[in-house]
Amino acid sequence: MTERDTSESWSLGRAREPDMMTRLSRAGHVNETKMSGIPPAGSNSKSVMQSKPNTSEQLPPSGHGSGKMPRWLKSWVLWALLFTLVPGSIAFMAMGMLLKLPSAPNCPSIFWPLASASVRLHCAQLAASKQTVKDLLQAIDLVKLLPESHPLRGEIDRYLEQWSRDILKLADESFQQGKLEEAIATANQIPEDLPAHQLVKEQISKWEKIWLEAEGIYQQAENEMREQHWHDAFMAAAKLLRVNNKYWASVKYDQLNRLITSAREDGDKLAKAENLAESGNVDNLLKAIKIAESIQKDSYVYPKAQEAIPKFGRAMLDLAQKNLDRRDADQAISIAQQIPLSTGLQSETEDFIAIAEAQRNAWIGTIAGLETAIAQAQQIDPSRAVYDKAQQLIARWQLEIEDVSKLEKARTLASQGTINDLTAAIAQAQQIPNSNPRAEEAREEINGWVAQVQTIEDRPYLERAEEIALLEDINSLQAAITEARQIRRGRALYREAQRKIALWTAKIQRIEDQPLLDQARDLASSGNLPAAINVAQQIPSGRALSGEAQAAIDDWRAQIRARENWSKAKEVALAGTPQALVEAIRLANRVPRSSILSSDASIAIDQWSQQLLDIARSQGESDIPRAIETARLIPRYAAAYNAAQEQIRIWRNFLNPEPEQQFDPLLPGRIQQ
């Protein structure tokens with residue numbers, strides 16, 4: 001089959017333009033081919049008759065026959081050769097004509113209205129073999145219009161079904177490559193009158209469902225990225241691997257993973273920026289803004305970063321406001337001036353700086369400073385957000401100018417230091433209303449001046465009381481207390497007077513109670529501890545010597561208990577039994593180390609513990625378990641404790657001897673038990 005036969009330049013509308021007789025002749029020839037089953041030969045082949053030489057044209061005219069024949073014509077050899085070659089050539093050519101296969105039809109040059117079904121089917125198969133959408137559709141168009149009654153209809157329907165499915169397969173390949181619209185357009189080209197067209201809607205619906213599912217998964221992953229839920233984003237992306245589309249399961253999946261990885265890196269940057277911002281430090285806030293600015297627009301974290309930048313700037317502005325509230329205007333202005341333009345707070349920053357500079361001048365506290373602050377605040381345009389605040393401050397500072405002048409006059413009066421001058425200063429400062437800005441400052445000044453007046457008035461009382469108390473006898477101290485009590489509660493020297501009164505009262509109580517405490521100590525020294533306790537208890541609680549007396553009483557009571565325990569211990573020990581000795585040791589151990597009986601008790605404890613050990617050793621001669629129980633009664637703090645423990649170990653080893661170990665002579669290296 002020649003290249004001309006498979007050219008893509010042919011179509012249903014193209015054909016040769018021969019004359020009518022040629023068309024009819026060709027049509028008849030095609031019909032003969034259909035009946036005989038042998039396709040027509042190509043236009044280039046020649047018939048046997050056409051190939052036979054026209055000998056009549058080579059003979060001389062009849063008019064010249066009377067001439068003498070050439071000599072060579074009379075040669076029998078020549079004629080014999082001719083009669084041999086000519087029939088053989090004719091026979092050979094005829095055989096060649098019979099054996100030569102007919103050439104395929106030239107599809108691009110066929111006039112289709114007159115083409116037979118076999119030619120159409122042949123050319124359709126030829127086109128469909130190229131497996132392109134265009135050629136498959138052309139193949140369908142070539143044969144689909146043949147009548148239902150045609151003998152080749154069954155074969156044609158099978159081909160139509162196959163070629164329709166081939167088109168759907170090509171469309172599915174486009175779909176798998178991520179070309180949904182192209183796939184739908186390709187599938188919709190299948191003629192509606194074909195039975196296979198019912199698969200088109202079903203296939204398109206399937207594609208759209210898969211595509212919608214994949215887009216939903218992709219959108220879910222994008223939403224998780226925007227919320228910085230990286231694990232959930234990766235889990236969502238993994239769902240694309242189960243989508244029945246190679247484009248989404250490979251290209252888009254890889255793309256999404258790269259996006260998530262990049263977004264997570266940006267998310268880590270933003271988290272670092274937020275951690276820095278939480279410190280509330282100016283330098284860290286500036287670093288946080290710089291990090292957030294470095295996140296590119298194509299990042300899924302970009303919207304979050306853009307939300308964070310104004311927030312960081314607002315934190316800087318709040319920090320500046322805190323410094324301004326502490327009247328540190330210089331630091332507040334410095335922080336505000338560092339706020340980057342990217343925060344979008346330029347207007348608010350400018351307003352803050354304008355107000356802060358005005359307040360800084362107002363806080364100088366002078367009339368000149370207040371006037372400068374008012375002038376600065378008046379320059380703020382009414383369109384600014386802080387205009388109302390500026391007007392309020394102006395009104396406040398105008399009142400302050402009046403207050404400052406009054407305070408300065410009052411301070412000048414108070415500087416003289418006399419009661420009259422201080423009283424006049426107080427009266428001057430009291431002219432400032434409580435609603436005025438400097439009212440609190442005025443009250444502080446007034447309180448100070450009132451305290452100075454009271455000090456001047458009450459100091460003589462306290463000085464006279466101190467002079468009287470110098471004798472330090474009960475009467476003098478009582479008189480000093482009476483003098484100091486003339487200073488009333490709420491006066492400037494009241495607390496100092498009360499401290500003096502408490503000191504003098506304690507001295508009086510010591511003078512009164514010291515004899516009782518001395519008497520009690522004398523009784524205790526003589527050994528009469530109960531009497532000493534009775535005398536010391538006569539000092540009431542709350543007096544100067546009550547704490548000292550109570551400490552002495554507690555000590556004496558401890559000594560009494562120690563004596564009782566020591567006496568009882570000696571008495572119990574006389575029984576000499578193990579139980580009695582243990583009880584005696586316990587009672588003796590209760591004697592305090594501070595007691596004079598402590599050394600006697602310690603000696604007795606050691607003796608009684610040794611006595612217990614001796615009893616245990618005696619018991620060990622006949623009853624080792626009983627001896628062990630007796631030895632265990634010796635307390636850890638006794639001198640015989642270590643010896644008792646060693647003796648117990650010896651007795652236990654005796655009762656439970658360890659098995660002897662011997663070497664087995666038959667098995668070197670093993671121990672025979």
Side-chain angles (χ1 to χ4, degrees), residues 5-15 107-108 110 112-113 115 117 119-148 153 155-222 236-237 239-259:
D5 297 328
T6 59
S7 174
E8 295 182 358
S9 62
W10 64 278
S11 65
L12 291 176
R14 180 179 175 184
C107 294
I110 293 175
W112 295 111
V119 171
R120 285 176 176 270
L121 181 58
H122 172 76
C123 291
Q125 289 174 322
L126 201 63
S129 65
K130 300 174 184 177
Q131 287 295 299
T132 66
V133 175
K134 179 180 177 181
D135 290 311
L136 287 167
L137 290 171
Q138 195 171 34
I140 291 172
D141 288 339
L142 277 174
V143 298
K144 72 172 183 175
L145 297 178
L146 292 174
E148 295 291 333
R153 191 64 204 183
E155 185 177 1
I156 289 171
D157 288 342
R158 288 194 298 274
Y159 279 117
L160 289 175
E161 176 74 17
Q162 179 62 43
W163 297 337
S164 299
R165 291 184 181 275
D166 289 343
I167 294 173
L168 278 179
K169 182 179 179 181
L170 292 173
D172 188 68
E173 290 177 0
S174 298
F175 170 71
Q176 294 297 333
Q177 295 170 4
K179 303 172 184 176
L180 176 63
E181 297 300 329
E182 180 180 319
I184 294 174
T186 299
N188 282 327
Q189 292 183 59
I190 298 175
E192 296 182 1
D193 54 352
L194 294 182
H197 189 269
Q198 61 184 358
L199 300 175
V200 173
K201 290 185 179 180
E202 179 182 346
Q203 188 66 34
I204 291 175
S205 176
K206 179 181 177 182
W207 291 337
E208 290 177 341
K209 182 179 179 182
I210 293 172
W211 199 272
L212 187 62
E213 177 189 359
E215 286 181 336
I217 293 172
Y218 201 94
Q219 183 66 40
Q220 179 187 356
E222 288 182 319
K239 295 179 182 178
L240 288 178
L241 296 173
R242 298 189 293 273
V243 172
N244 188 20
N245 182 275
K246 294 179 181 179
Y247 172 73
W248 283 100
S250 57
V251 177
K252 297 297 285 184
Y253 171 74
D254 294 340
Q255 174 189 352
L256 187 57
N257 267 300
R258 288 193 297 271
L259 287 174

Side chain to side chain donor-acceptor pair (under 3.5 Å) contacts touching residues 207-219 (sequence neighbours left out): D172-W207, W211-E215, Y218-Q255, Q219-N223
Identified side chain to side chain contact (heavy atoms under 4.5 Å, CB included) counterpart of L240 within the set N257, I217, V251, D254: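 Answer to the side chain to side chain contact (heavy atoms under 4.5 Å, CB included) test with L240 among N257, I217, V251, D254: I217.
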By side-chain contact (heavy atoms from CB on, under 4.5 Å) - contacts of K206 (at least two apart): Q203, I210, N244
Any donor-acceptor N/O pair, N245 side chain to F175 backbone, under 3.5 Å: yes
Contact summary for A249 and L241, nearest pair of heavy atoms: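 So the minimum-distance heavy-atom pair works out to O-CD2, 3.5 Å.
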Gap between atom CG of L212 and atom OG of S205 - 0.5 Å precision: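 Going from the OG atom of S205 to the CG atom of L212 covers 10.5 Å.
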Heavy-atom side-chain proximity of Q220 to K239 below 4.5 angstrom: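 Sidechains of K239 and Q220: in contact.
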